[in-house]
Colleague: 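Quick one: the structure is below, questions incoming.
Naming convention: chains lettered A, B, ... in sequence-line order (proteins, then strands); numbering from 1 in each chain.
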2 protein chains.
Amino acid sequence: MAGRTRANPLALAVLGLLYERPMHPYEMSSTLRERRKEDSIKLNYGSLYSVVESLQKRGLITARETVREGRRPERTVYEITEAGTTEMTDWLSDLLARPVKEFTQFEAALSLMPIFGPDEVVTLLETRLRSLREQRLAYDHGTASAPANFPRLFLIEAEFKYALLRTEIEFVSALLDELRAGTFEGVALWRRMHELRGEGHSPEAVEQLLAEEFKEELSWLSELSDTQRPEQG
Amino acid sequence: MAGRTRANPLALAVLGLLYERPMHPYEMSSTLRERRKEDSIKLNYGSLYSVVESLQKRGLITARETVREGRRPERTVYEITEAGTTEMTDWLSDLLARPVKEFTQFEAALSLMPIFGPDEVVTLLETRLRSLREQRLAYDHGTASAPANFPRLFLIEAEFKYALLRTEIEFVSALLDELRAGTFEGVALWRRMHELRGEGHSPEAVEQLLAEEFKEELSWLSELSDTQRPEQG
DNA sequence: GTCCGATTACTCGATCCAGAGTACTCCGTG
DNA sequence: CACGGAGTACTCTGGATCGAGTAATCGGAC
């Protein structure tokens, strides 16, 4: 049981809030916002209500009462069940103890980088680097931070994000240096490849020409080629 | 145009592949796998086929022919359109040049960490750290790596992932040290909070007691309290 | 020569989710 | 006292996504 529906951490946050005290969905969203959790847990209304509904269906929370205050719309107050508490504990333990593979947009972008030539990539990464440095400044100046004296315990996720940000800055910066200095391995091949494409050669012709011009660097290709295209017409 | 459907980078990868040469979807998936792109771009059949369909609907690719080879099922070969090439260029430029906020599972977990007490967190993070170190070893020994002599250009995303991995190891390791040494800010408050909960006090009672015991550390609370609960019944 | 398991090539359906839309109320402003 | 804008509290819809399922074929082992 409790099997597949552990994708959206918003559901875990909901369990956490109801573990403190019963609440209605809208209050959950405002509480999360007050606590600066919208920075680390993606929150939007649509998801919140469907997540709550799904938790209820699975018996992890129950509707305690629906209140109408004044002429305001009805509010349904939920509370956590015993099963819900167990699921919360298991789930959070799992998230803390077991790293999971995550796919970020930038990793995807890096892996598709060869679509562009090295010079275009340099320009684009320069823009990125500027933007990342601005982000770091914002952090440093506490702009992105919480009320003074806010306990570290409740901001630990921001510290982690900051560490990742610094790493990305270092990475992009180092990559840029190598690209600009021309010391990046294979940059000559890469540049030539785009030159040939730019001259209107077909992909096959480009491959052919490069194989001749860069024999050694492309030695790995021949190792693969037997298995790679067994039935290329 | 080309507005909202830029969520799934798999679509960008498809455009990239068809920019090289026409292909049928299954070939796209095997090509991506050969090139080790499944590590940085989430790929599964269901998504691939619906992504291809949606690209076609948007006029970014077109079906060139459907081939039946032997008695095998039909294969539809697609090619990229001019609009598709433009979209590919714009999209990849955007991904490289503009950092986007990403939400990871571990950030969510960190932000919900206070649900547990410090001692449980230590145990869980120790498990995580072991696992992260194993991952790093695997990288170092080239287990997770490609054919010898594979050009760096095509593995740059793995380098980035490795940098992030090292940062996470450092972060978790430093956090653990502080928690174990008791030098983590507010750890006493945190521990006491779980002690009181464990003794069966209600959340409100806990808050009350902590406010008395840890006046200074909780000063930020009083600043908020006016605006925080204007209508708490 | 037939059986097994891997590979090829998709299809389907049940969620999931984002974001726009709705509707009502409260509060201040002129 | 009419108006506008912010806040409260959801609802709806259509597309995205995931993973299991299907069905055929091929190559090798026995």
Colleague: Establish, yes or no, whether the cationic atom of Arg128(B) lies under 6.0 Å from the six-membered ring centre of Phe106(B) and within 45° of the ring axis.
Modeller: yes
Colleague: Atom OH of Tyr78(A) and atom P of dA9(D): how far apart are they, to the nearest Å?
Modeller: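 Spelled out: OH on Tyr78(A) to P on dA9(D) is 14 Å.
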Colleague: I'd like to know if Glu102(A) pairs up with Lys42(B) as an ion pair, taking the criterion as any Lys NZ or Arg NE/NH1/NH2 lying under 4.0 Å from an Asp or Glu carboxylate oxygen.
Modeller: no
Colleague: Could you give the side-chain donor-acceptor pairs of residues 8-19 of chain B under 3.5 Å, partners two or more places apart or in another chain?
Modeller:
{"residue": "Asn8(B)", "atom": "OD1", "partner": "Leu10(B)", "partner atom": "N", "Å": "3.0"}

Colleague: So does His24(A) get a side-chain nitrogen or oxygen closer than 4.0 Å to the phosphate oxygens (OP1/OP2) of dC10(D)?
Modeller: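 Checking His24(A) against dC10(D): at least one side-chain N or O falls below 4.0 Å of OP1 or OP2.
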Colleague: Can you name the residues that form a side-chain hydrogen bond (donor to acceptor under 3.5 Å, both in side chains) with Thr85(B), not counting sequence neighbours?
Modeller: none
Colleague: CZ of Arg98(B): more than 12 outside heavy atoms within 6.0 angstrom?
Modeller: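 No - once you tally the heavy atoms of other residues, nucleotides and ligands closer than 6.0 Å, there are 12 at most.
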Colleague: Residues two or more places apart in sequence or in another chain: which of them pass salt bridge (Lys or Arg N to Asp or Glu O under 4.0 Å) with Glu79(B)?
Modeller: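 Only Arg64(B) meet the salt bridge (Lys or Arg N to Asp or Glu O under 4.0 Å) criterion with Glu79(B).
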Colleague: As a quick check of understanding, evaluate salt bridge (Lys or Arg N to Asp or Glu O under 4.0 Å) for Lys37(B) and Glu157(B), giving each step before the final call.
Modeller: CA-CA 9 Å; Lys37(B) 297 308 180 201; Glu157(B) 68 276 15; 3.1 Å; yes
Colleague: Give the residues of residues 40-50 of chain B touching DNA chain D, defined as any heavy atom closer than 4.0 Å, sorted by residue number.
Modeller: Lys42(B), Asn44(B), Gly46(B), Ser47(B), Ser50(B)
Colleague: Does Tyr26(B) put a side-chain nitrogen or oxygen below 4.0 Å from OP1 or OP2 of dC10(C)?
Modeller: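 The answer is no; no side-chain N or O of Tyr26(B) sits under 4.0 Å from OP1 or OP2.
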Colleague: Should the pair Glu134(B)-Arg130(B) be classified as a salt bridge under the 4.0 Å nitrogen-to-oxygen rule?
Modeller: no
Colleague: Under a plain distance cut-off of 3.5 Å, with no hydrogens placed, do Thr123(A) and Glu126(A) share a side-chain donor-acceptor pair?
Modeller: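 Note: Glu126(A) and Thr123(A) side chains miss the donor-acceptor criterion.
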Colleague: Let me know the distance between NZ of Lys57(B) and P of dG14(D), rounded to the nearest Å.
Modeller: 13 Å
Colleague: Dump the intermediate steps for side-chain hydrogen bond (donor to acceptor under 3.5 Å, both in side chains) on Ser93(A) and Asp90(A), then the final yes or no.
Modeller: CA-CA 5 Å; Ser93(A) 299; Asp90(A) 288 0; 5.7 Å; no
Colleague: Measure from CZ on Arg75(B) to P on dT7(C) and round the result to the nearest Å.
Modeller: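 About 18 Å, once rounded to whole Å.
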Colleague: I need the CZ-C1' distance between Arg33(B) and dA6(C), as an integer number of Å.
Modeller: 13 Å
Colleague: For the pair made of CD in Glu34(B) and C1' in dT7(C), what is the distance, rounded to whole Å?
Modeller: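 Going from Glu34(B) (CD) to dT7(C) (C1'), I get 13 Å.
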Colleague: Is there a side-chain contact between Asn8(A) and the phosphate of dC16(C), meaning an N or O under 4.0 Å from OP1 or OP2?
Modeller: no
Colleague: Nearest whole angstrom, please: distance from the P of dA18(C) to the CD of Glu53(A).
Modeller: 16 Å
Colleague: For the helix from dG1(C)-dC30(D) to dG30(C)-dC1(D), measure the angle between the helix axis at one end and the axis at the other, each built from five pairs, rounding to 10°.
Modeller: 10°
Colleague: Under a 4.0 Å heavy-atom cut-off, which of residues 97-104 of chain B touch DNA chain C?
Modeller: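 Hits under 4.0 Å, by residue number: none.
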Colleague: With a 3.5 Å cut-off and no angle check, do the side chains of Thr104(A) and Glu107(A) form a donor-acceptor pair?
Modeller: yes
